[in-house]
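Okay, structure first, notes after.
Order of the sequence lines fixes the chain letters, A, B, ..., with proteins taken first and strands second; residue numbering starts at 1 for each chain.
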Amino acid sequence: QVQLQESGPGLVKPSQTLSITCTVSGGSISNSEYYWSWIRQPPGKGLEWIGYIYYSGDTYYNPSLKSRVTISVDTSKNQFSLKLNSVTAADTAVYYCAKGFTSSPDWFDPWGQGTLVTVSS
Amino acid sequence: DIQMTQSPSSLSASVGDRVTITCRASQSINIYLNWYQQKPGKAPKLLIYAASSFQSGVPSRFSGSGSGTDFTLTISSLQPEDFATYYCQQSYSTPYTFGQGTKLEIK
């Protein structure tokens with residue numbers, strides 16, 4: 001049973017870079033059947049998909065965030081990471097990592113528990 | 001981007017009620033529609049994938065239907081643990097998008 005766990009600083013200053021890591025346990029991040037996504041949820045609001053990465057390093061980003069996002073993978077550590085630069089208060093959110101499937105149709109399951117990142121000076 | 005619109009945005013119901021939540025896509029998405037349940041302070045949990053397939057462990061009172069642009073999530077007999085927010089999500093094309101959510105509250 002694959003499980004995901006996010007980790008990262010809870011507070012980031014405006015204009016700086018947000019960095020979060022997702023550790024995958026119970027399965028290999030190099031499994032070609034899966035891709036690995038980041039999704040965020042501002043407090044009291046809905047869900048926004050940020051992007052995904054394959055174990056090969058291939059990525060796809062939401063065009064709304066593409067200019068500021070980098071997702072990377074470290075197969076040796078069974079981890080993938082999110083970097084979001086030039087953050088503002090609007091980037092304050094709970095950030096989730098989730099597993100998806102390379103086949104179609106696909107869905108997000110499971111999700112990590114989420115980590116709240118607050119952008120504030 | 002494909003826009004997903006849920007209705008209603010909120011709903012008050014009683015234990016034992018039958019409840020239906022609707023999700024409409026801005027273009028046809030075949031059956032590439034998933035439903036999630038989210039409780040306060042928790043991550044979303046997959047309920048239904050590919051419009052009508054049950055995720056393992058999901059009670060049979062939950063069901064999904066639809067194809068193309070119109071989809072429904074039905075809870076046949078509400079239980080106390082079902083009061084939560086429900087989201088639909090399309091996986092037809094990137095960027096993947098979610099509905100705005102339907103908050104199901106106790107009447």
Side-chain angles (χ1 to χ4, degrees), chain A residues 1-7 20 22 24 33-54 58-69 71 93-117, chain B residues 1-10 21 23 25 28-58 64 66-68 71 73 84-103:
Chain A
Q1 188 86 350
V2 171
Q3 293 183 312
L4 296 89
Q5 176 72 56
E6 305 89 348
S7 59
I20 309 171
C22 182
V24 178
E33 295 182 357
Y34 305 142
Y35 65 81
W36 307 93
S37 274
W38 287 102
I39 298 157
R40 71 179 183 177
Q41 184 173 36
K45 297 188 178 181
L47 298 159
E48 179 180 31
W49 177 73
I50 298 170
Y52 67 59
I53 190 165
Y54 290 106
D58 290 343
T59 55
Y60 186 91
Y61 302 137
N62 192 324
S64 68
L65 294 167
K66 186 176 182 179
S67 63
R68 298 195 291 132
V69 171
I71 300 175
V94 176
Y95 286 78
Y96 297 101
C97 55
K99 176 172 71 69
F101 296 84
T102 54
S103 58
S104 292
D106 62 355
W107 51 89
F108 300 122
D109 182 69
W111 298 52
Q113 66 183 26
T115 187
L116 174 62
V117 178
Chain B
D1 299 6
I2 297 175
Q3 304 302 313
M4 307 301 294
T5 304
Q6 288 180 234
S7 60
S9 295
S10 63
I21 299 170
C23 180
S28 177
I29 58 171
N30 198 332
I31 61 165
Y32 290 33
L33 190 283
N34 308 311
W35 289 99
Y36 302 87
Q37 176 193 65
Q38 186 178 34
K39 296 183 178 179
K42 300 293 187 181
K45 170 189 167 185
L46 178 70
L47 293 177
I48 303 285
Y49 63 91
S52 61
S53 296
F54 297 99
Q55 172 65 341
S56 175
V58 172
S67 66
F71 302 85
L73 173 70
T85 300
Y86 294 84
Y87 292 94
C88 62
Q89 175 247 330
Q90 64 84 14
S91 62
Y92 182 79
S93 67
T94 51
Y96 299 133
T97 48
F98 293 85
Q100 80 278 18
T102 295
K103 187 173 184 179

Legend entry - Side chain / backbone / both / neither for B:Tyr96 at chain A, heavy atoms under 4.5 Å: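 Contact with chain A: backbone and side chain both.
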Legend entry - Part of B:Tyr92 lying under 4.5 Å from any heavy atom of chain A: neither
Inset, instruction - Using a cut-off of under 4.5 Å on heavy-atom pairs, state which of A:Ile50, A:Asn62, A:Leu116, A:Leu47 scores highest against chain B. - result: A:Leu47
Inset, instruction - Against chain A, work out which of B:Gln100, B:Gln89, B:Lys45, B:Lys42 has the most heavy-atom pairs shorter than 4.5 Å and name it. - result: B:Gln89
Inset, instruction - Mark yes or no for whether B:Tyr49, through its side chain, and A:Asp109, through its backbone, hold a donor-acceptor pair below 3.5 Å. - result: no
I need the [X] [atom1] to [Y] [atom2] distance, nearest 0.5 Å.
X	Y	atom1	atom2	answer
A:Gln41	B:Tyr87	CD	OH	4.5 Å
A:Trp107	B:Gln55	CH2	CD	8.0 Å
A:Trp111	B:Leu46	CH2	CG	9.5 Å

Which atoms of [X] are under 4.5 Å from chain B, going by heavy atoms: the side chain, the backbone, both sets, or neither?
X	result
A:Asp106	both
A:Tyr52	side chain
A:Tyr96	side chain

Inset, instruction - Of all the heavy-atom pairs spanning A:Gly112 and B:Ala43, show the shortest one and how long it is. - result: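 Heavy-atom minimum between the residues: O-CB, 3.1 Å.
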